[in-house]
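Side chains included, hydrogens not; waters and symmetry mates left out as well; all remaining heavy atoms used.
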Amino acid sequence: MSLTVQVAGSAQTLPAGTSYAAALNNDKKFIAALVNGELRDLVSLAQDGEVIEGVELTSAEGLSILRHSTAHVMAQAVQQIWPQAHLGIGPPISDGFYYDFGNIDPLTPEDLDLVEKKMREIVNAQQKFSRRVVSESQAKSELAKEPFKLELVSIKGAPTDEVMEVGGAELTIYDNLDKDGNLVWCDLCRGPHIPHTGLIKAFKLMKTSAAYWRGSEKNPSVQRIYGTAWVTKEDLNGYLYRLAEAEKRDHRKLGVELDLFSFPEELGSGLPVFHPKGGVIRRAMEDYSRAMHEKAGYEFVYTPHITKSNLFETSGHLQWFADGMYPPMKLDEELNPDGTIRKPGVDYYLKPMNCPFHNLIYKSRGRSYRELPLRLFEFGSVYRYEKSGVIHGLTRVRGMTQDDAHIYCTREQMAGELKSLLDFVLNLLRDYGLDDFYLELSTKNAEKAMGSDADWEQATQALSEAAHASGLKLVPDPGGAAFYGPKISVQVKDAIGRTWQMSTIQVDFQLPQRFELEYQANDGNRQQPIMIHRALFGSVERFLGVLTEHYAGAFPPWLAPIQVIGIPVADTFNSYLDLIGNQLREHGVRVEIDKSDERMQKKIRNAQKEKIPFMLIAGEEDQAKGAVSFRYRDGTQVNAVAIEEAIRIITDSIKDRKQV
RNA sequence: GCCGCCUUAGCUCAGGGGUAGAGCAACGCACUCGUAAUGCGUAGGUCUCGGGUUCAAUUCCCGAAGGCGGCUCCA
């Protein structure tokens with residue numbers, strides 16, 4: 001009997017019992033097969049009618065398989081060292097893999113070295129990965145000592161994609177066999193795997209941490225070990241180099257080095273202060289944002305940072321968001337001499353969101369349909385009581401300023417408003433130098449939502465249409481919405497490919513109801529407006545943090561704290577540079593002249609470390625020609641530029657918000 | 001909030017039961033120089049904070065605060 005299959009696009013007839021490896025000509029570059037769109041081991045047997053393609057180690061799928069197999073090697077090593085350790089799950093992740101273990105003490109860096117050493121032995125032993133289909137009862141008896149695996153076997157009925165140990169039609173165990181075919185170790189796993197461990201040429205264990213079993217706080221903790229694996233040592237080194245580069249961009253580090261901001265311990269966790277240089281950047285960002293909002297028809301409002309609790313009762317925040325709020329301040333309580341309450345106090349809360357305040361502005365008088373859309377904008381400071389473990393530099397803080405606006409419009413206006421809003425958002429982000437985006441659509445979380453399904457449906461639909469109209473990639477985020485409505489968030493990729501959630505646009509039918517917002521329609525009836533919540537920076541703090549990392553601290557001139565530094569070849573040229581500096585200042589340029597006692601070389605080094613966009617160097621030759629010499633941050637120099645030309649170059653780059 | 005690790009001068013880091021060191025930065029003096037570090041000198045620390053053990057704690061133990069890496073969560 002023979003099989004007819006498609007191999008790499010061409011029809012072939014093969015004898016029954018042919019493995020995928022053989023079907024693929026035993027080509028060593030393949031480490032797995034893609035069969036009818038599903039990944040399989042090479043040693044599995046081809047079936048009639050299948051469409052077969054080879055998977056190379058260097059492909060995305062190949063790398064995932066390599067990393068998954070490396071996770072198995074690590075688990076084997078861990079169990080060889082600590083036999084009592086229970087196996088959790090061990091999937092590949094971007095750039096690497098992890099494996100979770102129960103019943104094991106937290107690992108030290110020395111422990112990791114030990115595991116790595118054991119892993120090398122396993123790799124050198126070239127163990128084969130051998131797949132074996134088992135029945136549920138067989139699996140349960142073989143895995144009697146693995147409580148987590150038993151749990152996975154019993155949830156197999158409802159397989160989830162993220163648990164790759166089980167899933168698909170059958171349960172499988174992968175045996176690791178030594179050169180003589182003896183069983184060394186085995187693990188419940190869906191597979192596929194690389195043919196043998198010898199293919200693992202470059203790996204490294206990166207870090208350990210605790211994690212919750214199956215991702216839920218309610219479950220027990222497991223110890224997670226993260227590792228990375230690559231096809232070659234060069235790839236591994238390249239990855240480690242990229243990590244080191246990313247670390248150099250860390251805004252927390254640059255914030256200190258460039259004297260931009262700090263987190264004084266005295267203030268408490270997650271509460272930043274901005275130093276003068278950080279303040280310049282922040283003001284430049286905010287000023288430009290204000291100007292653009294003004295042009296786009298927004299009106300500016302101001303609201304206080306605290307309020308009596310009834311506002312947040314009306315808005316529903318105390319019902320749905322209390323965990324994220326600072327506890328209340330109780331004021332004005334009066335007691336009788338016996339200690340009983342004579343006059344109850346009032347709770348005041350720091351505000352976690354600006355929307356209720358803007359609603360009060362809307363409600364301050366009757367509104368006409370002629371006023372809609374009404375766009376209220378505020379740089380609003382909000383405070384959220386974030387759990388201590390989640391605070392992270394400027395990207396996750398407890399006190400922040402949102403560039404927050406609320407748009408009140410009619411149902412008919414909503415779709416158009418959303419489209420133009422998305423356009424406005426993306427253009428503004430581009431002006432700040434971010435131009436690689438995708439969108440995420442966060443929809444209703446059944447456990448944490450108020451309002452009718454129909455309203456949610458309509459709001460989600462409108463957002464979805466606006467998103468599609470933008471032409472950007474749209475990723476669904478089921479259950480990710482806030483309690484009052486669905487949202488689109490703009491995910492921004494930075495210069496080294498990391499994504500950040502920045503802007504959010506949310507449609508809200510609920511708060512207008514809860515606040516009983518109204519407008520008078522052209523037919524004289526009273527109607528309820530729809531509210532759109534939106535923030536472009538997300539928070540000014542986070543945006544500044546992301547920009548710092550995006551630019552690695554080398555801000556474009558329009559944002560740079562010091563735009564130009566004058567460096568004299570010797571101090572006799574100080575006054576000549578002062579002349580140029582004063583002209584630049586008249587154009588509003590932030591310029592300093594370095595008149596310190598240092599040598600010129602040292603001044604250049606200092607300016608370089610401060611990442612100042614323009615160094616203007618002047619000595620005898622320049623002065624004689626009425627010129628200056630440019631040095632840029634990348635080391636290039638342009639000598640003998642006439643003063644007028646120099647001023648034009650600098651002011652143009654600032655005006656155009658160009659990077660230099 | 002959970003798990004682990006960390007906290008010594010402004011920064012980066014040595015050190016270690018008998019109250020401390022380096023480099024850079026700061027300050028002073030000399031040097032006046034053409035594209036990433038001139039030389040010499042001076043000053044700077046309740047060793048994060050609070051308890052405990054000890055004749056003696058910055059060092060060992062406990063707790064807190066802050067930080068870092070994850071988990072969970074999120075602008």
Within this structure, what is the [atom1]-to-[atom2] distance between [X] and [N], rounded to whole angstrom?
{"X": "A:Glu598", "N": "B:rG34", "atom1": "CD", "atom2": "P", "answer": "16 Å"}
{"X": "A:Leu205", "N": "B:rG4", "atom1": "CG", "atom2": "P", "answer": "20 Å"}
{"X": "A:Glu247", "N": "B:rU12", "atom1": "CD", "atom2": "C1'", "answer": "13 Å"}
{"X": "A:Met600", "N": "B:rC31", "atom1": "CE", "atom2": "C1'", "answer": "15 Å"}
{"X": "A:Leu258", "N": "B:rC11", "atom1": "CG", "atom2": "P", "answer": "15 Å"}
{"X": "A:Glu257", "N": "B:rC24", "atom1": "CD", "atom2": "P", "answer": "17 Å"}
{"X": "A:Glu620", "N": "B:rU32", "atom1": "CD", "atom2": "C1'", "answer": "13 Å"}
{"X": "A:Asp634", "N": "B:rU35", "atom1": "CG", "atom2": "C1'", "answer": "12 Å"}

Using the [atom1] atoms only, state how far [M] lies from [N], rounded to an integer number of Å.
{"N": "B:rG44", "M": "B:rC11", "atom1": "C1'", "result": "13 Å"}
{"N": "B:rC33", "M": "B:rG41", "atom1": "P", "result": "25 Å"}
{"N": "B:rC6", "M": "B:rC61", "atom1": "P", "result": "11 Å"}
{"N": "B:rU54", "M": "B:rU42", "atom1": "P", "result": "43 Å"}
{"N": "B:rG18", "M": "B:rA65", "atom1": "C1'", "result": "29 Å"}
{"N": "B:rG23", "M": "B:rG52", "atom1": "P", "result": "39 Å"}
{"N": "B:rC49", "M": "B:rU7", "atom1": "P", "result": "14 Å"}
{"N": "B:rU12", "M": "B:rU8", "atom1": "P", "result": "8 Å"}

Touch class at under 4.0 angstrom, heavy-atom based, for A:Gln601 against every strand present: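 Contact class for A:Gln601: sugar-phosphate only.
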Sugar-phosphate only, base, or nothing, as touched by A:Phe573 at under 4.0 Å among non-hydrogen atoms: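 Nothing, no heavy atom under 4.0 Å.
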Greater than 12 external heavy atoms within 6.0 Å of A:Gln84's CD: yes
Test item: A:Leu584 and A:Leu616 side chains (from C-beta on) under 4.5 Å apart, heavy atoms: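 Answer yes - side chains close enough.
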Pairwise side-chain contact, A:Met502 with A:Phe437, heavy-atom cut-off 4.5 Å (strictly under):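 With C-beta onward as the side chain, the pair stays apart.
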Considering Watson-Crick and G-U wobble pairs with both distances under 3.5 Å, what does [N] pair with?
{"N": "B:rG23", "result": "B:rC11"}
{"N": "B:rU72", "result": "none"}
{"N": "B:rC49", "result": "B:rG63"}
{"N": "B:rU54", "result": "none"}
{"N": "B:rU32", "result": "none"}

Residue A:Asp597, side-chain heavy atoms: nucleotide from B:rU38, B:rU35, B:rC31 that is nearest: B:rC31
A:Lys602 side-chain N/O to B:rA25 phosphate OP1/OP2 under 4.0 Å: yes
Interface residues of residues 262-284 of chain A with RNA chain B (non-hydrogen, below 4.0 angstrom):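 RNA chain B contact set from residues 262-284 of chain A: A:Glu265, A:Ser269, A:Gly270.
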Heavy-atom closest pair, residues A:Ala296 and A:Phe424: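 Taking every non-hydrogen atom into account, CB-CE1, 3.7 Å.
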Shortest non-hydrogen contact from A:Ile391 toward A:Gly270: CG2-CA, 3.7 Å
Side-chain-base donor-acceptor pair under 3.5 Å for A:Ser388 and B:rG66: no
Between [Y] and [X], is there a salt bridge with N-O shorter than 4.0 Å?
{"X": "A:Asp435", "Y": "A:Arg430", "result": "no"}
{"X": "A:Glu549", "Y": "A:Arg498", "result": "yes"}
{"X": "A:Arg283", "Y": "A:Glu286", "result": "no"}

Check: A:Asp111/A:Thr108 side-chain N/O donor and acceptor closer than 3.5 Å: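 Yes, side-chain donor-acceptor contact under 3.5 Å.
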Check residues 392-401 of chain A and write down every donor-acceptor pair under 3.5 Å in which the side-chain atom is one partner and the other belongs to a residue at least two apart or another chain.
unit_1   : atom_1 : unit_2   : atom_2 : d
A:Thr395 : OG1    : A:His392 : O      : 3.1
A:Arg396 : NH2    : A:Glu386 : OE1    : 2.8
A:Arg398 : NE     : A:Glu386 : O      : 3.0
A:Arg398 : NH2    : A:Glu386 : O      : 2.7
A:Thr401 : OG1    : A:Arg282 : NH2    : 2.9
A:Thr401 : OG1    : A:Glu541 : OE2    : 3.4

Toward the 5' end of RNA chain B, by each residue's nearest nucleotide, A:Asn639 or A:Pro106: A:Pro106
Under 4.0 Å protein heavy-atom contact, by nucleotide of nucleotides 69-75 of chain B - B base, S sugar-phosphate only: BBBBBBB
From A:Lys277, A:Arg605, A:Glu257, residue fulfilling side chain to side chain contact (heavy atoms under 4.5 Å, CB included) relative to A:Glu610: A:Lys277
